[in-house]
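Lettering of chains follows the sequences in order, A, B, ..., and the numbering in each one begins at 1. Model, not experiment: these values are computed from the prediction.
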Amino acid sequence: MRVRFAPSPTGYLHVGGARTALFNWLFARHHGGTFFLRIEDTDRTRSTEEAIEAILDGMTWLGLSWDRWEKAPGAAPIRQTDRLALYQSRARQLFDAGMTYRCYCSAEELDARRQEALKRGEVPKYDGRCRSLAHDDGRQHSSVTLDGRPFALRFKTPQEGETVVDDLVKGRIVFENRQLDDLIILRSDQTPTYNFCVVVDDVDMAITHVIRGDDHLNNTPRQIQLYRAFKFPLPRFAHLSMILGADKARLSKRHGATAVQAYREMGYLPDALVNYLVRLGWSHGDQEVFTREELVAQFSLDHITSSPAVFNTEKLLWLNATYLKTVDPKVTLPAIRDLLARRGLLVSDARIEDVFLAHRERARTLVEIADAVTMYEPGHRRIDAEAGQKFLTPDALPFLKRFCDLLRAAPFEKPSQEQIFATMMAETGQKMAKLAQPLRVALTGKSVSPGIYDVLRLLGKDEALARVASVIRALEEGKPDWLTP
RNA sequence: GUCCCCAUCGUCUAGCCUGGCCUAGGACGCCGGCCUUUCAAGCCGGCAACACGGGUUCAAAUCCCGUUGGGGACGCCA
């Protein structure tokens, strides 16, 4: 089994592409096959090095390792621009066999005709006008300026009969050949085009299964014609349905984040994203959470859904929270460190881990963990207005003061802190919840936090005292920020 | 416009191929309860779907046809 992921480097690796890559990767790993990464950069005006970097970065982050190709020199991904000579010779082969012809129509003319056809409600298909031109003069077709005019090389697509795509996820699909037009295989600058390169490359790389988005389904019959022209054996095809946005339109930037990197920045774990993505279109009974090993062991093309799926951030968030509960904190350290560095904070790994452990139960993303770390930093004095208004009222003053006194006097350890609360509950007749809440807000600025003893420990005696004192001062001065919006 | 794909809870899906076990299962979210030092988490419970219309059959979510709706493609992009 040999598969490939073949992105065009015109932008980031988006979640749709990532899922395609993931399915290919899982298929290869499951069958002990080979997974290649091939950069389809023949459109030199749109391909960029940055995009290639972004794709490799995204794949690496997701843990989708690609294999090296025996015919290629190194471990670097295969790039079509390195293989132009092969496409040229393959095009020449078809030309010599009389299966192509020169098309002198300019891009502008074609575009104009297409627009007009569309406007008249006709099929915007190439009319094949250059097909009948006499041009088989035996001269080199590779010369752009043959007889003074540039030309593109078109493939004579059979117009009779039908082409059947036997798709592994969609089933048997029949296309009438007269629907297909004569596609350009070499542009007028003699560079090859997509449909041609894919076929040449997939054959050259001995790809056995072409797993890709179903936006390529309509290209498949054209490609099959090319396979036939070359008398190449056909690979198996598997077309994956699209990922949609909440409005059921194809997922795009306007639906929010689509770049894989954006998810890293939002504090998602790569394993969680992978787990989410794999369930978008694939299932294994009722199972929702999978380890990477389980995925590799259980993945199969049989259980891929043929209908499109809506991307749902809520579920991704839930999965991420689920992973956060059990992940080894150590593996998340670099990411959290990075998140903190962006805020100009340098915090020790031990400290980050400490906070992580206290907050993992209630955090959904690494960003929330970073927020927690930030919140415990000495000098942090932000109080959420809503939490402050509710709990840090003048009524809380006596209690806050009493707590300060007791905390200052006692050893800074959990048993004595429990004793403090016991004392205060006895003195006031209040329940723990009533007492802990104002303190929590004074300490963390939020009405949500880990247990109060954990918060105290994470803060340390001096900082804890300082925070409560600052709240007391604000209250006594009569105008704390949270009460004067 | 033409061609292609798709159609089960709001969302992801199981079931469909090989009709009966489906008074349609799971998950996210939502609602409620329990637990509790807050909030979460966890646990328990609830709401919620076979797009519609025709067939075929003793029997259809499952098979067939049509309709509607959604998506995709129709580039010298990939």
Side-chain angles (χ1 to χ4, degrees), chain A residues 6-10 40-43 45-47 103 105-107 110-111 114 117-126 150-154 165 167 169-171 173-176 179-181 183-195 197-198 212-221 239 241-242 244 246 248-250 276 279-289 302-303 305-319 321-322 325 359-364 387 391 421 425 431-441 446-453:
Chain A
S8 69
T10 52
E40 310 237 321
D41 56 351
T42 54
D43 182 352
T45 57
R46 302 206 309 163
S47 301
C103 175
C105 303
S106 72
L110 291 170
D111 196 47
R114 204 162 20 239
L118 236 24
K119 209 181 294 170
R120 285 196 305 262
E122 290 168 14
V123 183
K125 175 184 164 180
Y126 177 62
F151 63 88
L153 197 64
R154 280 191 191 264
V165 178
D167 193 88
V169 349
K170 308 275 188 187
I173 305 158
V174 181
F175 293 86
E176 287 187 48
Q179 293 291 337
L180 313 174
D181 55 4
L183 65 139
I184 289 175
I185 62 173
L186 287 186
R187 301 184 181 95
S188 49
D189 66 357
Q190 303 300 295
T191 57
T193 58
Y194 167 72
N195 282 105
C197 296
V198 215
R212 78 226 309 190
D214 75 1
D215 46 340
H216 288 290
L217 196 49
N218 288 287
N219 287 323
T220 309
H239 286 95
S241 287
M242 302 278 91
L244 276 23
K248 305 243 182 184
R250 185 182 180 158
Y276 178 70
R279 286 286 292 104
L280 232 42
W282 177 80
S283 61
H284 182 73
D286 286 341
Q287 192 171 350
E288 294 288 350
V289 182
D302 310 332
H303 286 91
T305 328
S306 47
S307 54
V310 173
F311 192 91
N312 179 230
T313 311
E314 285 299 321
K315 189 160 182 181
L316 207 208
L317 230 25
W318 167 76
L319 260 176
T322 303
K325 286 182 181 61
H359 281 262
R360 71 177 347 170
E361 286 291 299
R362 70 201 74 226
R364 297 195 298 178
F391 297 105
F421 276 100
M425 281 189 281
K431 292 182 55 167
M432 180 71 182
K434 200 79 179 162
L435 300 182
Q437 207 52 11
L439 185 63
R440 180 189 317 283
V441 179
K446 298 170 191 305
S447 52
V448 179
S449 86
I452 209 78
Y453 305 117

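- Using a 4.0 Å heavy-atom criterion, one finds that R250(A) contacts the sugar-phosphate atoms exclusively.
- Nucleotide A78(B): unpaired (no Watson-Crick or G-U wobble partner with both distances less than 3.5 Å).
- Between C3(B) and C63(B), the distance separating the two C1' atoms is 26 Å to the nearest Å.
- No contact: D41(A) has no heavy atom under 4.0 Å from any strand.
- The nucleotide whose nearest atom lies closest to any side-chain atom of I173(A) is, among C4(B), G71(B), C6(B), C4(B).
- Shown here, C17(B) forms no base pair; nothing in the strands shown gives a Watson-Crick or G-U wobble contact with both key distances under 3.5 Å.
- Spacing between atom CZ of F151(A) and atom P of C76(B) amounts to 16 Å, rounded to whole angstrom units.
- Under a 4.0 Å N-O distance rule, the pair D181(A)/R154(A) does not qualify as a salt bridge.
- Between M432(A) and M425(A) the shortest heavy-atom distance is N-SD, 3.5 Å.
- Summarising the geometry, the separation between CG on D181(A) and P on A73(B) is reported as 16 Å, rounded to the nearest angstrom.
- Among the heavy atoms of the strands lying under 4.0 Å from G281(A) are primed sugar atoms or P, OP1, OP2 only; no base atom is included.
- Atom-to-atom distance recorded for K315(A):NZ and T322(A):OG1 is 10.5 Å, nearest 0.5 angstrom.
- U11(B) and G70(B): their P atoms are spaced 14 Å apart (whole Å).
- The partner of A27(B) is U11(B), judged by Watson-Crick or G-U wobble contacts that both fall below 3.5 Å.
- Of all nucleotides present, only C52(B) satisfies the Watson-Crick or G-U wobble test against G66(B), with each distance under 3.5 Å.
- Distance, L180(A) CG to A73(B) P: 17 Å, rounded to whole Å.
- Between S283(A) and C12(B), a side-chain N or O to OP1/OP2 separation shorter than 4.0 Å is absent.
- Rounded to the nearest Å, the gap between the C1' atom of C16(B) and that of C28(B) is 24 Å.
- Counting any heavy atom pair closer than 4.0 Å across all strands shown, T10(A) reaches no nucleic acid atom.
- The distance between atom NZ of K119(A) and atom C1' of U2(B), rounded to the nearest whole Å, is 18 Å.
- A59(B) is unpaired under the criterion used here, namely a Watson-Crick or G-U wobble arrangement in which both key atom distances are under 3.5 Å.
- Residues D167(A) and K170(A) share a closest heavy-atom pair of OD2-N, 2.8 Å.
- In terms of heavy atoms, S306(A) sits closest to V169(A) at CB-O, 4.1 Å.
- In this structure, C197(A) reaches neither bases nor backbone, as no heavy-atom distance under 4.0 Å exists between it and the strands shown.
- Contact annotation for K125(A): no contact, since no heavy-atom pair falls under 4.0 Å across all strands.
- Remark: L183(A) CG to C103(A) SG distance equals 11.5 Å, nearest 0.5 Å.
- Taking atom NZ of K248(A) as the reference point, atom P of G70(B) lies 11 Å away to the nearest angstrom.
- Contact of S306(A) with C6(B) (side chain to base): no donor-acceptor pair of N or O atoms is detected under 3.5 Å.
- Nucleic acid contact class of R360(A) (heavy atoms, under 4.0 Å, all strands): none.
- Within 4.0 Å (heavy atoms only), L183(A) reaches no atom of the nucleic acid at all.
- Residue-level contact check: L217(A) touches the backbone only, with heavy atoms under 4.0 Å from sugar-phosphate atoms and none from bases.
- To the nearest 0.5 Å, atoms NE2 (H303(A)) and OG (S283(A)) are separated by 6.0 Å.
- Between the NZ atom of K434(A) and the CG atom of L439(A) there is a distance of 14.5 Å, given to the nearest 0.5 Å.
- Taking atom C1' on both A14(B) and G26(B), the two are 7 Å apart, rounded to the nearest angstrom.
- Taking atom CG on N218(A) and atom P on G72(B), their separation rounds to 12 Å, with Å as the unit.
- A distance of about 15 Å separates the C1' atoms of G29(B) and U13(B), rounded to the whole Å.
- U37(B): no Watson-Crick or G-U partner with both key distances under 3.5 Å is found in any strand.
- Between P192(A) and L186(A), the closest heavy-atom pair is CA-CD2, 3.7 Å.
- Base engagement by P124(A) is indicated by at least one non-hydrogen atom pair under 4.0 Å involving a base atom.
- Nucleotide G32(B) is matched to C44(B) when pairs are restricted to Watson-Crick or G-U wobble geometry with both distances under 3.5 angstrom.
- The CZ-P distance, from R114(A) to G75(B), rounds to 4 Å in whole Å.
- With rounding to whole Å, H303(A) atom NE2 is found 12 Å from U13(B) atom C1'.
- Across A73(B) and C31(B), the matching C1' atoms stand 43 Å from one another, rounded to whole Å.
- Under a 3.5 Å cut-off, the side chain of R46(A) and the backbone N or O of P9(A) do not form any donor-acceptor pair.
- Taking atom C1' in both G32(B) and G55(B), one finds a spacing of 45 Å when rounded to whole Å.
- In this structure, Q179(A) and F311(A) both approach RNA chain B, and ranking their closest nucleotides by distance from the 5' end singles out Q179(A).
- Comparing atom distances between the V310(A) side chain and each of A78(B), C12(B), C5(B) picks out C12(B) as nearest.
- Along RNA chain B, the nucleotide nearest to A6(A) and the one nearest to A309(A) differ in position, and the one closer to the 5' end is contacted by A309(A).
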Checklist entry - What is the per-nucleotide protein-contact pattern of nucleotides 26-41 of chain B, from the 5' end, where B denotes a base atom under 4.0 Å from a protein heavy atom, S denotes such proximity for sugar-phosphate atoms only, and - denotes neither? => result BBSS-------BBBBS
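- Rounded to the nearest Å, the gap between the C1' atom of A41(B) and that of C34(B) is 14 Å.
- T10(A) OG1 to D41(A) CG: the interatomic distance, rounded to the nearest 0.5 Å, is 11.0 Å.
- If you check every strand for non-hydrogen atoms under 4.0 Å, H239(A) touches nothing.
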